[in-house]
Amino acid sequence: MRPKLAAHHGLVMLLLLATANSAYAEGERELYLLHCGGCHRPHGYGAEPEVPGLRDALGKMVQVEGGRDYLIRVPGAAQSPITDRELQRIVNWILLEFNADTLPPDFTPLSLQEVSMARTNVLADPLKFRQQLWRQVLATSQ
Ligand code: HEC
């Protein structure tokens, strides 16, 4: 039973690698599903309390100081095995696809430079930072 399972896993990995390395340019949804959706679920509802959802409230997050960077600095995003450009595309897509209702009217998508910079500054204590930042978001949006 076990060797069979291992072989199956190997095949899945090969397929994933082949997809990730192909010249075919993946769409944002595919990138999201491949690199984030496993934890945050395909439609971004997350799996509370371990994995937060990525829907509806992140438009408020981008309006507080440090909020834009935060979306990139969480380890799941910053340390994902993807390029800065792919991370930029995914996070802007998450904002527009799942959070359009809360985005400010003057929202400007994250730039590549912003993503590259923020990514070098991975959060050491994401849960603590998260708590503080969300408290700030709630205080400002009342
Ligand atoms: C292995 C599981 C996992 C993967 C894969 C993952 N994340 Fe996460 N994500 C988490 C967890 C857990 C948190 C809560 C903070 C923490 O512990 O890092 C989180 C938090 C976040 C947050 C902050 C949400 C909030 O409400 O504060 C964002 C934004 C985010 N992730 C984006 C992404 C993006 C974009 C990707 C894909 C490039 C991704 N994550 C991949 C597990 C994951």
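Atoms within each ligand, like the ligands themselves, are counted from 1 in listed order. When reading the values below, keep in mind they use all heavy atoms of this one structure, side chains included, and skip hydrogens, waters and symmetry mates.
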Numbered atoms of ligand 1 (with element) below 4.0 Å of Leu54, judged on heavy atoms: 22 (C), 24 (C), 28 (C), 29 (C), 30 (C)
Side-chain donor or acceptor of Ser80 paired with backbone N/O of Ala77 under 3.5 Å: no
Spatial distance of atom CD1 (Ile72) from atom CG (Asn121) [nearest 0.5 Å]: 12.0 Å
Plane angle bin for Phe129 and Tyr70 - parallel if under 30°, tilted between 30 and 60°, otherwise perpendicular: parallel
contact_flag Tyr70 ligand 1 heavy-atom lt 4.0 Å: yes
Nearest-neighbour protein heavy atom for atom 41 (C) of ligand 1, which is reported as residue plus atom name and distance: Gly76 O, 3.5 Å
Arg68 (side chain) donor-acceptor with Val62 (main chain) under 3.5 angstrom: no
Sub-4.0 Å heavy-atom contact, Pro75 with ligand 1: yes
Nearest-neighbour protein heavy atom for atom 3 (C) of ligand 1, which is reported as residue plus atom name and distance: Cys39 SG, 2.7 Å
Any Ile72 heavy atom less than 4.0 Å from ligand 1: no
Closest protein heavy atom (residue, atom, distance) for atom 34 (C) of ligand 1: Cys36 SG, 3.5 Å
Atom pair NE2/CD of His43 and Glu97 - distance to nearest 0.5 Å: 9.5 Å
Nearest-contact summary for atom 22 (C) of ligand 1 - protein heavy atom, Å: Val74 CG2, 3.7 Å
His35 neighbourhood, listing ligand 1 atoms whose heavy-atom distance to it stays under 4.0 Å: 5 (C), 37 (C), 41 (C)
Residue part near ligand 1, for Trp134, under 4.0 Å between non-hydrogen atoms: side chain
Shortest protein heavy-atom distance from atom 42 (C) of ligand 1, along with the residue and atom involved: His40 NE2, 3.9 Å
Student check: side-chain heavy atoms of Ile82 and Leu34 closer than 4.5 Å: no
Identity and separation of the nearest protein heavy atom to atom 11 (C) of ligand 1: Pro52 CD, 3.9 Å
Heavy-atom side-chain proximity of Thr140 to Gln63 below 4.5 angstrom: no
Protein contact of atom 16 (C) of ligand 1 - nearest heavy atom, named by residue and atom, plus distance: Pro126 CB, 3.7 Å
Ligand 1 contact on Leu127 by region, counting heavy-atom pairs under 4.0 Å: side chain
Donor-acceptor contact below 3.5 Å, side chain Gln79 vs main chain Val122: no
Side-chain donor or acceptor of Asn99 paired with backbone N/O of Ile94 under 3.5 Å: yes
Atom 26 (O) of ligand 1: nearest protein contact (heavy atom, Å): Arg130 NH2, 2.9 Å
Value rounded to 0.5 Å, distance of CD in Gln131 from CG in Asp125: 9.5 Å
Any donor-acceptor N/O pair, Asn92 side chain to Leu110 backbone, under 3.5 Å: yes
Glu50, any N or O under 3.5 Å of ligand 1 N or O: no
Heteroatom proximity flag, Ser80 to ligand 1, N/O under 3.5 Å: no
For Ile94, atoms of ligand 1 separated by under 4.0 Å from a heavy atom: 35 (C)
